[in-house]
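Within every chain, numbering begins at 1; the chains are lettered A, B, ... in the order of the sequence lines, protein sequences first and strands thereafter. Because only heavy atoms are used, hydrogens play no part in the values below, and waters and symmetry mates are left out as well, while side chains stay in.
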Protein chains: 2
Amino acid sequence: MEDVLRNQLEKIVPLTDEEFLFVLTHFTARTFRKHQYVVQAGDPAPNDHFVAKGLLKSFYIDDVGKTHILQFAMEDWWISDPQAYHNRVNAPLNIDCLEDTHVFFISIDNREKLCTDLQKMDYFFMKKTTAGYIALQRRTVSLISQKAEERFNQFVQLYPTLSQRVPKTLIASYLGISRETLSRMYAH
Amino acid sequence: MEDVLRNQLEKIVPLTDEEFLFVLTHFTARTFRKHQYVVQAGDPAPNDHFVAKGLLKSFYIDDVGKTHILQFAMEDWWISDPQAYHNRVNAPLNIDCLEDTHVFFISIDNREKLCTDLQKMDYFFMKKTTAGYIALQRRTVSLISQKAEERFNQFVQLYPTLSQRVPKTLIASYLGISRETLSRMYAH
DNA sequence: AAATAGCTGTGATGTAGGTCACACTAATGG
DNA sequence: CCATTAGTGTGACCTACATCACAGCTATTT
């Protein structure tokens, strides 16, 4: 299981065995069951989670009780409530599991320690963060410029695996459209 | 003019006079006129711009020629094409000035040098980046969960200055609605 | 000072997509 | 293995918002 994490890191920064073991001491491994909450809105959420196996979603519940999905995360992805994580405040978001899941999580404190002790991990996290920002900006463009069906097609093209594994109802919520509209979008 | 930059930095990391001067050597000062392009889609755009004075927008032009605004930036804000900047590729976005503008820009190369030489600048940029990510996530929530008028109200509340300085036509484009709809949104 | 370009408002009309309601099927958990 | 919960499809209807078209107004530019 650790190899998945090591692979992920080495895509950006090469590590010796020794270095990787050192990195690993800053993480905690944990298993979650389907439907289990990883982050609960209102609670602190000082951890960033690397998914070694499984599938999760982060979501926001609005004032009329509707849920809106901000992110999915499957193998090799990271997920957290970024606001709760970086600003050490209580989480506005929830994170739960769509499948049984195995993660390695790192607290914000451990991350800061790790980065000062091992310079190149700073570089790793910077790369990840900017990649996340760029992806989110692409989604923003999609939301303000494309209509429902185009957004859905782009989603399928961009995340073919996710669009198989995730129920359509949830994809609709991620795309900001009703599940009925997405359901009618099939003929082709 | 340099004080504006110094203030911005010191909100996150304290600097000695000497350190600030060192930081400054990595930036270039430049003036742009209203309507002038700072980044042109298709060209490289290896700079991140700190706005000391003025107002800019970054925008994307879709295949039918419509423009969609990704970001505004006024005094004390940063603006770049993040993809072109961090990945050193040609810009998908444009950036131009809505007013005469004075910026301090830093190339990605200079930024990397600066960060290795002066550790705490790394921390500064990390903070800025994560704050940007969090803001963009808030916008995403707004786009998928709120309707036009709510988004507009939230925009006005969040950016009272911008909503005065920026023509409504452009705000509409930022919010992903037509200028006519926004124009009809006034009575209250 | 005239000319152009940019910004805003408003009516008429069309449509994408929301909401409600119901029915069927597939998981899954006790 | 039965009972419940989650997921999907589809019709009827409604509405938020887009688009088109035109008109007046205010900055900029020459």
Side-chain angles (χ1 to χ4, degrees), chain A residues 32-37 54-57 59 61-69 72 94 96-101 142-156 162-188, chain B residues 32-37 54-57 59 61-69 72 94 96-101 142-156 162-188:
Chain A
F32 291 93
R33 304 279 300 287
K34 185 170 176 174
H35 292 137
Q36 201 174 351
Y37 274 64
L55 181 56
L56 309 90
K57 66 173 195 284
F59 58 103
I61 302 182
D62 70 19
D63 22 301
V64 295
K66 264 185 92 173
T67 93
H68 305 277
I69 296 184
F72 297 109
N94 299 277
D96 72 0
C97 299
L98 304 180
E99 301 176 2
D100 292 350
T101 292
S142 177
L143 285 168
I144 63 178
S145 72
Q146 296 181 301
K147 44 192 55 177
E149 188 153 10
E150 298 172 315
R151 271 182 272 152
F152 176 59
N153 290 334
Q154 181 176 313
F155 180 86
V156 172
L162 272 188
S163 63
Q164 307 272 39
R165 264 167 96 176
V166 175
K168 313 267 179 315
T169 311
L170 298 183
I171 297 181
S173 161
Y174 176 91
L175 294 172
I177 64 190
S178 73
R179 62 153 212 77
E180 291 94 330
T181 297
L182 190 137
S183 164
R184 275 183 253 266
M185 233 150 70
Y186 265 130
H188 21 199
Chain B
F32 291 93
R33 304 276 301 287
K34 187 171 176 173
H35 292 138
Q36 201 173 352
Y37 274 64
L55 181 56
L56 308 90
K57 66 174 193 287
F59 58 102
I61 302 183
D62 68 20
D63 22 299
V64 296
K66 265 185 91 172
T67 94
H68 305 277
I69 296 183
F72 296 109
N94 300 276
D96 72 0
C97 300
L98 303 180
E99 300 176 2
D100 292 349
T101 293
S142 177
L143 283 168
I144 63 178
S145 71
Q146 296 180 301
K147 45 190 55 175
E149 187 152 11
E150 297 171 316
R151 272 181 271 151
F152 176 60
N153 290 334
Q154 182 176 312
F155 180 86
V156 172
L162 273 188
S163 64
Q164 307 272 38
R165 264 166 97 176
V166 175
K168 313 269 180 312
T169 312
L170 298 183
I171 296 179
S173 162
Y174 177 92
L175 295 173
I177 65 188
S178 73
R179 60 155 212 83
E180 292 94 331
T181 298
L182 188 136
S183 164
R184 274 181 252 268
M185 231 150 70
Y186 266 131
H188 21 197

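Atoms CD (B:Q164) and P (C:dC7) sit 16 Å apart, rounded to a whole Å. Atom NZ of A:K168 is separated from atom C1' of C:dA27 by 15 Å (rounded to the nearest Å). Between B:F152 atom CZ and D:dC17 atom P there is a gap of 13 Å when expressed in whole angstrom units. Between the NZ atom of A:K147 and the C1' atom of D:dA18 there is a distance of 8 Å, rounded to whole Å. If you take NZ of B:K57 and C1' of C:dC7, they are 13 Å apart, rounded to a whole angstrom. Atom CE of A:M185 is separated from atom P of D:dG9 by 11 Å (rounded to the nearest Å). Rounded to whole Å, the distance from CD1 on A:I144 to C1' on D:dC17 is 16 Å. Rounded to whole angstrom, the span from the CD1 atom of B:I171 across to the C1' atom of C:dG9 amounts to 16 Å.
Mapping A:I177 and B:T169 onto DNA chain C via the closest heavy atom, the residue that lands nearer the 5' end is B:T169.
Across all non-hydrogen atoms, the minimal contact from B:Q146 to B:Q154 is OE1-OE1, 2.9 Å. Looking at every heavy atom in both residues, B:V166 comes nearest to B:L170 through CG1-CB, 3.7 Å. Nearest approach of A:I171 to A:S163, heavy atoms of both residues: CD1-CA, 3.8 Å. Contact between A:Y37 and A:N94 at its shortest, heavy atoms only, is CE2-OD1, 3.7 Å.
Put simply, the side chain of B:T101 never gets that close to the backbone of B:F32: no donor and acceptor are under 3.5 Å apart. Of the possible polar contacts, one joining the A:S173 side chain to the A:I69 backbone as a donor-acceptor pair under 3.5 Å is found. Checked by atom type and distance alone, the side chain of B:D100 pairs as donor or acceptor with a backbone atom of B:K34 at under 3.5 Å.
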Just by protein heavy atoms under 4.0 Å, how would nucleotides 20-30 of chain D read 5' to 3' in B, S and -? BB------S--
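Residue A:S183 places at least one side-chain N or O under 4.0 Å from the OP1 or OP2 atom of D:dG9.
In this structure, of C:dG18, D:dT19, D:dT8, it is C:dG18 that holds the atom nearest to the side chain of A:S178.
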